[in-house]
Amino acid sequence: MTKIDIAVVDYGMGNLRSVSKAVEHVAHGKSVVVTSDASVIDKAERVVFPGQGAMPDCMRELDSRSLRGAVLHAAANKPFLGICIGMQLLFDHSEEGDTAGLGIFRGDVKRFAAHQVVNDEKLKIPHMGWNEVYQLTNGQAKPHALWQDIADATRFYHVHSYYAAPLDAAITVGETEYPERFCSVVAHNNIFATQFHVEKSAQAGLQLLRNFVYWKP
Amino acid sequence: MALAKRIIPCLDVTDGRVVKGINFLELRDAGDPVEIAKRYDDQGADELTFLDITASSDNRGLILHIIEQVASQVFIPLTVGGGVREVEDVRRLLNAGADKVSINTTAVLNPQVVQDAAARFGSQCIVVAIDAKKVDNQPFEWEVFTHGGRKATGLDAVKWAQHMVNLGAGELLVTSMDRDGTKIGFNNPLNRAISDAVDVPLIASGGVGNLQHLVDGVTIGGADAVLAASIFHYGEYTVQQAKEYMRDHKIEVRL
């Protein structure tokens, strides 16, 4: 049986080429596969769980490919990186289409409030562009291992209208301000998940992916 | 507020090469798309926009190949526009590695494409490009033009922008046809009118000749991102210099 180092879960929502190319770029000599096959996800040493588009569609497509079990199993057992909707799906519920998520983390995914004005300018939605991410240690001596060689308040590329609000504050290891601070990174045991697009965040994003590829939770 | 204003170099591509024209005419060769994309990434560009201005349909497939190559070497958001006629075109570009697809003439001829593409792929990847020109024969100030600025539509650019956002556009790329290639600055009143009328981000385009124009685009025009081509292509300024200038004028940028 061929060894699979990293599986990128493909459930038909958006282009995964950017994600797989960015992972390949930092994972020299490792095998990276884009897959919608549960048995491949089961075999992989680590799993990347991206997502684009609307959360109701994502959940429907995930289930139509019978991938929920494999994703839950991976999230419970191996290094697991959620990106964008792949982070939001880990929560109980989303306001977007009143959708139930995978329920790994307690909390809701909420929409940015409309018609906010900041410094005399309208707050634009989606929140789109490069914003600073503040690293939280949550009482730990050191920042999370995936923040290695990434300075606090480094800018990452965000595109989203919804954000996760975890009930357990201890899982938040990164926050972004728009206009209030919201949780943009969660981590718990073998799971790390970002609201922003690591695969589109230039050198900072590649460093985070590199940290994930060699991460030993 | 920590969200950075974006600087987006724009690459007009035809038959596999980057070109730059004046008022949509007189094209000059500016180089190899992949090389140029890498250079801008190194300089700190926040995104890249590729506009396929290939006239003949025979060579349209070339853009897919270019995007594939760029997307495997440059890890910042890529927007691609030009010649998008149906939802299937959007799918092909996204699959090649585009993060966003810009729809222009087709949005006017067949607005359903905007709605269907946004519903299928999400608003975050659907940019509607609006080419507008100041007119004095209409009850409004700025009219939407299509086909590279050749055809008047009778549409009010501000109302059109609102309509496109209602159909699902996640961002607007507003080009002033009067300013494009002129180097006299963005049409800030046009951009301000549209920016204030919609909730989605606005990219200002057309007319940049110096770095103060970029600052004015943000502070006067209300743009969330500024797009420029010639000031970067011909080495007048680097993206880094543009960002430092904006930072010195109290605009948040990624440096």
Side-chain angles (χ1 to χ4, degrees), chain A residues 13-26 51-55 57-58 84-85 112 114-116 118-134 153-161 175-179 181 197-206 209, chain B residues 1-8 41-42 44-47 67-78 91-101 118-125 127 165 170-172 192 195-203 218-219 222-225 252-255:
Chain A
M13 290 305 293
N15 154 48
L16 303 181
R17 190 184 174 88
S18 301
V19 176
S20 66
K21 288 289 168 194
V23 174
E24 283 169 15
H25 194 78
V26 299
Q52 265 182 16
M55 187 148 147
D57 299 334
C58 287
C84 194
I85 307 286
F112 286 114
H115 312 305
Q116 298 190 71
V118 180
N119 300 333
D120 294 331
E121 294 280 356
K122 274 177 131 172
L123 187 81
K124 299 298 180 74
I125 298 171
H127 170 219
M128 185 184 288
W130 298 81
N131 207 338
E132 292 173 346
V133 177
Y134 307 110
T154 293
R155 291 182 189 274
F156 287 87
Y157 189 79
H158 299 65
V159 188
H160 60 122
S161 303
E175 285 183 336
T176 304
E177 199 176 277
Y178 196 72
R181 280 200 178 202
H197 287 270
V198 282
E199 79 282 11
K200 285 289 160 183
S201 292
Q203 292 309 314
L206 294 175
L209 281 173
Chain B
M1 180 72 94
L3 180 65
K5 299 296 179 183
R6 289 168 279 153
I7 294 188
I8 309 176
D41 180 30
D42 290 343
D46 295 310
E47 297 185 28
I67 297 306
E68 281 175 8
Q69 283 183 299
V70 173
S72 60
Q73 298 178 60
V74 174
F75 300 101
I76 56 176
L78 308 175
R91 193 190 64 80
R92 269 195 290 268
L93 288 166
L94 293 175
N95 280 349
D99 299 286
K100 307 183 218 178
V101 171
R120 179 150 167 213
F121 307 111
S123 288
Q124 83 289 337
C125 65
V127 182
V165 172
E171 193 171 33
L172 299 173
R192 172 55 73 180
S195 183
D196 285 349
V198 299
D199 286 326
V200 303
L202 180 143
I203 306 168
V218 171
T219 56
D224 302 282
E252 287 258 7
V253 289
R254 177 177 70 108
L255 273 167

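The chains referred to below are lettered A, B, ... by the order of the sequence lines, with proteins before strands, and numbering in each begins at 1.
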For B:S123, is it the side chain, the backbone, both or neither that has a heavy atom under 4.5 Å from a heavy atom of chain A? neither
Any side-chain heavy-atom pair from A:K200 and B:D99 closer than 4.5 angstrom? yes
To the closest 0.5 Å, what do you measure between CG (A:L16) and CG (B:N95)? 9.0 Å
Flag the one option from A:K124, A:K21, A:E24 with the top tally of heavy-atom pairs under 4.5 Å to chain B. A:K124
On a heavy-atom basis, the closest approach of B:D199 and A:H115 is OD2-CE1, 4.0 Å
Between A:Y134 and chain B, with a heavy-atom cut-off of 4.5 Å, which part of the residue counts as in contact: side chain, backbone, both or neither? side chain
Residue part contacting chain B, namely of A:E199, when any heavy atom lies under 4.5 Å: backbone
Greatest number of heavy atom pairs closer than 4.5 Å to chain A - which of B:A225, B:P77, B:G44: B:P77
So how far is it from B:D42 CG to A:Q203 CD, rounded to the nearest 0.5 Å? 8.5 Å
Would a 4.5 Å heavy-atom cut-off, applied to side chains only, mark B:E252 and A:R155 as touching? yes
So which part of B:E171 gets closer than 4.5 Å to some heavy atom of chain A, the side chain, the backbone, both or neither? side chain
Just wondering, do B:R6 and A:W130 contact through their side chains at under 4.5 Å, heavy atoms? yes
Quick one: what part of A:A22 sits under 4.5 Å from any heavy atom of chain B, side chain, backbone, both or neither? both
If you take all heavy atoms of B:G170 and A:P126, which pair is closest and at what distance? O-CD, 3.7 Å
Could you check if a side-chain atom of A:Y178 sits within less than 4.5 angstrom of a side-chain atom of B:L3, using non-hydrogen atoms only? yes
Quick check on the interface: out of A:H160, A:H25, A:E132, A:H127, who has the most heavy-atom pairs with chain B under 4.5 Å? A:H25
Taking every heavy atom of B:Q124 against every heavy atom of A:M128, the minimum-distance pair comes out as O-CE, 4.1 Å
B:V198 and A:K122, any side-chain heavy atoms less than 4.5 Å apart: no
Between B:A118 and chain A, which part of the residue has a heavy atom less than 4.5 Å away: side chain, backbone, both or neither? neither
Does B:D196 have any side-chain hydrogen bond (donor to acceptor under 3.5 Å, both in side chains) partners at least two apart in sequence or in another chain, and if so, which? B:R192
Between A:R17 (side chain) and B:S72 (backbone), is there a donor-acceptor pair under 3.5 Å? no
Residues that A:S201 engages under side-chain hydrogen bond (donor to acceptor under 3.5 Å, both in side chains), provided they are two or more places apart: none
